[in-house]
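Each residue takes its place number in the sequence, starting with 1. Numbering of ligands and ligand atoms starts at 1, following listing order. Remember, it's a predicted structure, so these values are computed and weren't measured experimentally.
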Amino acid sequence: MHRTVDISVLEALKSRSILRLTDLTAAEISAVIALARTVKADYSAFRGVLAQRSLVMLFEKPSLRTRVSFEIGFQKLGGCVSFLDHCNEHIGSREPVGDYGRILERWADVIVARVFKQETLAALRDNCSSPIVNALSDIAHPCQVLADAQTLVEHSVKLESMHLAWLGDGNNVCLSLMELAAIMGGQMTVVTPATHKPCATLTAQIQSIAAKTGATITLTDDPSEIAGAHAVYTDAWISMGQKDCPEKIASLRKLSVTPEIMKIAGPHAKFMHCLPAHRGEEVAGAVIDGPQSVIYDEAENRMHAQNALMLALLGVLPATRTVRGAQVEILANRG
Ligand code: CP
Ligand code: NVA
């Protein structure tokens with residue numbers, strides 16, 4: 001299989017940190033997805049390409065998908081991974097975050113961190129010559145959304161003309177999806193209770209990106225506005241580290257993704273969730289386990305999208321040949 005990617009776009013990603021999706025342009029997102037699909041199609045063509053490369057993972061919160069997909073993905077490409085469990089001791093409590101960066105850069109070619117505060121990622125980036133990648137923070141989950149973008153593309157949704165619907169809490173995943181829609185020029189309808197809208201400051205930033213790209217991001221509390229959406233996305237009502245809040249749950253109940261809600265979007269609409277999911281809360285079992293659900297594709301694509309990102313950040317790009325100037329074909333089935 002041959003897939004056309006602008007290799008100069010991927011080359012420009014070398015050594016960059018990805019703390020939010022807004023650290024990538026539309027062309028870079030498309031190129032990463034194209035490379036992810038190429039890697040996914042034939043891992044044998046990428047065997048050993050990350051030999052001698054090292055990934056350090058710092059996690060202040062639990063994980064199934066992110067941890068395993070990074071660990072297995074990086075090792076499948078020949079690299080080695082060191083995982084530091086920071087669930088019981090936040091990064092920066094034993095020694096300054098800056099020292100983490102200055103020390104880890106001596107061993108690690110790339111650092112992936114899951115943190116409570118976005119500022120921890122910024123402090124790592126500002127004190128480290130190796131790229132830092134956000135594996136989920138209070139305000140963003142860019143690796144999740146790259147995998148989701150790949151999943152949408154694989155299900156024949158064009159990111160530039162997608163209509164994505166969000167129902168639930170205006171949380172970190174919601175903000176990264178809003179960034180995706182804004183950067184790519186798509187449409188997103190964010191349905192939350194008035195009390196749990198996405199962060200106003202970040203929403204304003206995202207709206208200013210949307211104004212430039214022609215994207216439409218609508219914030220509402222009315223689920224009828226999701227009619228015609230290509231995908232309906234939801235997430236846990238209480239994110240990791242947040243306290244249980246009965247009032248919040250009560251306000252979100254009417255936004256649970258039920259078969260009736262999916263009918264408003266339409267029969268073509270995909271159901272999406274970053275997982276872990278709570279059946280009977282943010283989504284009905286009949287929806288998440290039904291024919292419109294693409295949740296396991298999203299989970300699988302975590303590994304492929306992240307692998308593509310790792311290859312680009314490390315400047316390890318596959319064999320190519322030039323066609324039409326900067327356009328190249330990446331040969332997935334070479335050798
Ligand atoms: N979706 C996601 O990030 O899952 P984990 O919390 O299991 O890593
Ligand atoms: N919003 C969720 C996402 C988990 C992948 C959380 O932050 O816990």
Side-chain angles (χ1 to χ4, degrees), residues 18-21 36 55 57-74 81 83-87 90 111-121 133-152 164 166-180 190-193 196-199 202-203 231-245 248-249 252 255-257 270-279 281-283 288 293-307 309-310:
I18 308 299
L19 305 196
R20 284 172 58 185
L21 204 70
L55 162 64
M57 301 178 68
L58 308 171
F59 273 47
E60 292 183 333
K61 303 178 189 180
S63 171
L64 170 66
R65 282 146 290 273
T66 310
R67 177 177 177 171
V68 177
S69 59
F70 266 110
E71 287 187 342
I72 290 187
F74 207 78
V81 183
F83 183 87
L84 277 85
D85 183 346
H86 269 283
C87 289
H90 290 187
I111 295 167
V112 168
R114 170 167 282 199
V115 297
F116 280 94
K117 290 185 164 50
Q118 187 78 3
E119 296 78 47
T120 306
L121 296 168
V133 175
N134 183 352
L136 183 138
S137 67
D138 50 340
I139 62 156
H141 200 359
C143 293
Q144 175 69 50
V145 167
L146 280 176
D148 295 336
Q150 181 185 346
T151 306
L152 285 163
L164 189 56
W166 174 273
L167 277 95
D169 184 24
N171 66 13
N172 43 9
V173 176
C174 174
L175 282 162
S176 286
L177 289 166
M178 288 165 66
E179 291 176 355
L180 176 72
V190 180
V191 191
T192 69
H196 293 95
K197 287 183 185 169
C199 163
L202 294 172
T203 298
V232 178
Y233 205 124
T234 191
D235 184 15
W237 289 337
I238 306 289
S239 285
M240 287 183 279
Q242 294 179 343
K243 289 199 180 73
D244 265 338
C245 177
K248 181 179 183 184
I249 289 174
L252 284 158
L255 300 182
S256 177
V257 182
K270 304 299 175 200
F271 171 75
M272 302 181 80
H273 194 309
C274 57
L275 304 178
H278 308 82
R279 288 164 173 79
E281 293 186 25
E282 74 270 12
V283 58
I288 193 167
S293 177
V294 295
I295 56 166
Y296 301 117
D297 293 343
E298 293 174 81
E300 178 187 339
N301 284 338
R302 294 297 305 277
M303 183 175 80
H304 309 306
Q306 289 158 191
N307 276 352
L309 190 63
M310 294 292 106

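- Counting only distance, with no hydrogens or angles, the side chain of E179 and the backbone of L21 share a donor-acceptor pair below 3.5 Å.
- The backbone N or O of A135 lies less than 3.5 Å from a partner atom in the side chain of R114, making a donor-acceptor pair.
- Side chain of S176 to main chain of A140: no donor-acceptor pair is present (N/O by atom type, distance under 3.5 Å, no hydrogens or angles).
- Judged by distance alone, the side chain of E298 and the main-chain N or O of H273 form a donor-acceptor pair under 3.5 Å.
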Every pair of nitrogen or oxygen atoms between ligand 2 and the protein that is under 3.5 angstrom apart - can you list them with their distances to 0.1 Å?
{"from": "ligand 2", "atom 1": "1 (N)", "to": "N171", "atom 2": "ND2", "distance (Å)": "3.3"}
{"from": "ligand 2", "atom 1": "1 (N)", "to": "N172", "atom 2": "OD1", "distance (Å)": "2.9"}
{"from": "ligand 2", "atom 1": "1 (N)", "to": "D235", "atom 2": "OD2", "distance (Å)": "2.6"}
{"from": "ligand 2", "atom 1": "1 (N)", "to": "S239", "atom 2": "OG", "distance (Å)": "2.8"}
{"from": "ligand 2", "atom 1": "7 (O)", "to": "N172", "atom 2": "ND2", "distance (Å)": "2.8"}
{"from": "ligand 2", "atom 1": "7 (O)", "to": "S239", "atom 2": "OG", "distance (Å)": "3.4"}
{"from": "ligand 2", "atom 1": "8 (O)", "to": "M240", "atom 2": "N", "distance (Å)": "2.8"}

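- Annotation: cation-pi geometry satisfied between R67 and F83 (NZ/CZ under 6.0 angstrom from ring centroid, within 45° of ring axis).
- At a 4.0 Å heavy-atom cut-off, the residues surrounding ligand 1 are S63, L64, R65, T66, R114, H141, Q144, C274, L275, R302, listed by chain and number.
- Partner of S137 under the side-chain contact (heavy atoms from CB on, under 4.5 Å) criterion, out of L175, N172, T120, L121: L121 alone.
- Residues in residues 140-152 take part in no salt bridge (Lys or Arg N to Asp or Glu O under 4.0 Å) pair, two or more places apart or across chains.
- Every residue meeting the side-chain contact (heavy atoms from CB on, under 4.5 Å) condition with N307, not counting sequence neighbours, appears here in chain and number order: Y43, L77, M303.
- Between the side chain of Q306 and the backbone N or O of R302, at least one donor-acceptor pair lies under 3.5 Å.
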